[in-house]
Amino acid sequence: MNAPAPLERFALARDPLDVAPWLLGKVLSYGGCSGRIVEVEAYRGADDAASHAFGGQSTRNQTMFGRAGLLYVYFTYGMHYCANVVCGEEGTAWAVLVRALEPLAGIDEMRRRRPAAHHDRDLCNGPAKLCEALGITRELDGADLLTADRGIVLEDDGTSPPSEPHCGPRVGITKAVEHPWRWSWPGSTFVSRARPAGRSSPN
DNA sequence: ACCGGGATGTTCT
DNA sequence: GAACATCCCGGTG
């Protein structure tokens, strides 16, 4: 592990199918809380029927059409926020949904924000859970993750992505379900859903 | 373990 | 009016 350094914009200005697995291991920090990305999904702009950008620009999704490195936060199901890292060239509306984090710092505060989490592994193992744990809301939509805009930043602490990440279909969608555009850290207990049968690790 | 339903409100058709 | 990139709780086995 090195001193954490913000990501370089050119590294994000690529296809989300490349950026998504590359983001595994990077560290997202906000307000004293931080976590390591262990699960992501790629959303591929206007050609992707499951993307919010399908059908063109709108009030809600306009951040997706901005430059790589912006944070796209949306509100859904009347109560949840989810966070994406915008990638690709400006106008592509490509993005990567952050689906799970391994908590690293500010864990006490995460527990306070998420009383329903009975184990630390449940603090950030879902796209809306991690936003609740870190206090990410729509107010952070459009923040630049590479300059710590509004206090939120995405950094590299020297942890390499896994050489063979797990890959499978995206979850929670009803259209374009056939693409295997979800990646996760193999063996991590902090990914969503993964519940190794019969075993429980002490948290 | 698995399944079903409710919460709750913005966005889009 | 329907859909929604979700989560939590309670039922059953």
Side-chain angles (χ1 to χ4, degrees), chain A residues 15-17 19-21 23-24 28 35 37-66 70-88 92-101 103 110-143 145 154 165-184 189-201 203:
Chain A
D15 193 299
L17 304 186
V19 173
L23 282 175
L24 296 174
L28 182 65
I37 296 175
V38 294
E39 182 180 340
V40 291
E41 280 177 1
Y43 285 86
R44 215 156 169 281
D47 297 330
D48 180 358
S51 171
H52 292 169
F54 189 73
Q57 199 163 352
S58 69
T59 306
R60 173 171 74 156
N61 69 18
Q62 75 175 72
T63 294
M64 294 185 89
F65 290 80
L70 298 187
L71 182 72
Y72 167 52
V73 182
Y74 67 89
F75 181 69
T76 191
Y77 288 105
M79 63 190 88
H80 297 305
Y81 297 95
C82 296
N84 296 249
V85 179
V86 175
C87 59
T92 58
W94 289 346
V96 176
L97 172 69
V98 183
R99 285 198 57 90
L101 301 175
M110 294 185 193
R111 291 179 184 135
R112 274 194 296 277
R113 291 200 184 105
R114 287 196 32 75
H118 295 163
H119 302 272
D120 285 355
R121 76 172 82 87
D122 297 321
L123 288 172
C124 298
N125 62 345
K129 296 179 189 179
L130 68 92
C131 285
E132 185 169 37
L134 268 64
I136 295 171
T137 72
R138 182 85 178 157
E139 294 180 5
L140 292 178
D141 178 58
L145 292 165
L154 183 59
H166 282 177
C167 180
R170 298 178 292 185
V171 301
I173 56 173
T174 59
K175 293 176 289 188
V177 296
E178 66 276 14
H179 300 116
W181 289 352
R182 170 177 174 260
W183 290 267
S184 62
T189 59
F190 297 97
V191 303
S192 69
R193 296 176 145 227
R195 296 278 183 284
R199 295 282 164 268
S200 63
S201 60
N203 269 336

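For the numbers below, each heavy atom of this structure counts, side chains included, while hydrogens, waters and symmetry mates do not. By convention in this document, chain letters (A, B, ...) are assigned in the order of the sequence lines, proteins followed by strands, and residues within each chain are numbered from 1.
With rounding to whole Å, A:E39 atom CD is found 16 Å from C:dA5 atom P. In this structure, A:N61 places its CG atom 11 Å from P of B:dT11, rounding to the nearest Å. Separating the NZ atom of A:K175 from the P atom of B:dC12 is a distance of 11 Å, rounded to the nearest angstrom. For the pair A:Y77 OH and B:dG5 P, the interatomic distance rounds to 16 Å; values are reported in whole Å. One interatomic measurement links the two molecules: OH of A:Y81 to P of C:dC7, which rounds to 15 Å at whole-angstrom precision. Regarding A:L71, its CG atom lies at a distance of 17 Å from the P atom of C:dA5, rounded to whole Å. Atoms OH (A:Y74) and C1' (B:dC12) sit 16 Å apart, rounded to a whole Å. A:H52 has its NE2 atom 4 Å from the P atom of C:dA5, to the nearest Å.
No side-chain donor-acceptor contact under 3.5 Å links A:D141 to the backbone of A:Y74. Side-chain atoms of A:Q57 never come within 3.5 Å of backbone atoms of A:F65 as a donor-acceptor pair (strictly under, hydrogens ignored). Under the 3.5 Å distance criterion, the side-chain polar atoms of A:E41 are matched with a main-chain donor or acceptor of A:V171. Between the A:R99 side chain and the A:S184 main chain, no donor and acceptor come within less than 3.5 Å of each other.
Closest contact between the side chain of A:L97 and the listed nucleotides C:dA5, B:dA7, B:dT10 involves C:dA5. In this structure, of B:dT8, C:dC8, C:dT6, it is C:dT6 that holds the atom nearest to the side chain of A:H80. Side chain of A:R114, nearest nucleotide from C:dT6, B:dT10, C:dC8: C:dC8. Comparing B:dA7, C:dC7, C:dA5 against the side chain of A:I173 picks out C:dA5 as the nearest.
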Self-check item: Watson-Crick or G-U pairs under 3.5 Å in DNA chain B, rendered as dot-bracket with [ ] for crossing pairs and | for another strand
Solution: |||||||.||||.

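Considering only side-chain N and O atoms, A:S58 lies under 4.0 angstrom from the phosphate OP1 or OP2 of B:dC12. Regarding contacts with the backbone of C:dT6, a side-chain N or O of A:R99 is found under 4.0 angstrom from either OP1 or OP2.
As judged by a 4.0 angstrom heavy-atom cut-off over every strand, A:A128 is placed among residues touching the sugar-phosphate backbone only. Nucleic acid contact for A:R170: none, since no nucleic acid atom lies under 4.0 Å from a heavy atom of the residue.
Proximity of A:V98 to A:L23: side-chain heavy atoms (C-beta onward) are nowhere separated by under 4.5 Å.
Among pairs with a residue in residues 167-180 of chain A, those fulfilling salt bridge (Lys or Arg N to Asp or Glu O under 4.0 Å) read A:D48-A:R170, at least two apart in sequence or across chains.
Taking atom C1' on both B:dC3 and C:dA5, the two are 22 Å apart, rounded to the nearest angstrom.
By the stacking rule of 5.5 Å between ring centres and under 30° between planes, A:Y43 stacks on the base of C:dA5.
Between A:Y81 and A:F75, the ring-plane angle classifies as tilted under the 30° and 60° cut-offs.
Within residues 131-143 of chain A, no residue approaches DNA chain C, by heavy-atom distance under 4.0 Å.
For A:R60, the salt bridge (charged side-chain N to carboxylate O under 4.0 Å, His left out) criterion is met by no residue, not counting sequence neighbours. By the side chain to side chain contact (heavy atoms under 4.5 Å, CB included) test, A:A20 pairs with A:V40, A:A42, A:V96, A:W183, sequence neighbours left out. With sequence neighbours left out, A:D15 forms a salt bridge (charged side-chain N to carboxylate O under 4.0 Å, His left out) with A:R44.
DNA chain C is contacted by both A:N84 and A:A116; A:N84 maps to the nucleotide lying nearer its 5′ end (nearest heavy atom per residue).
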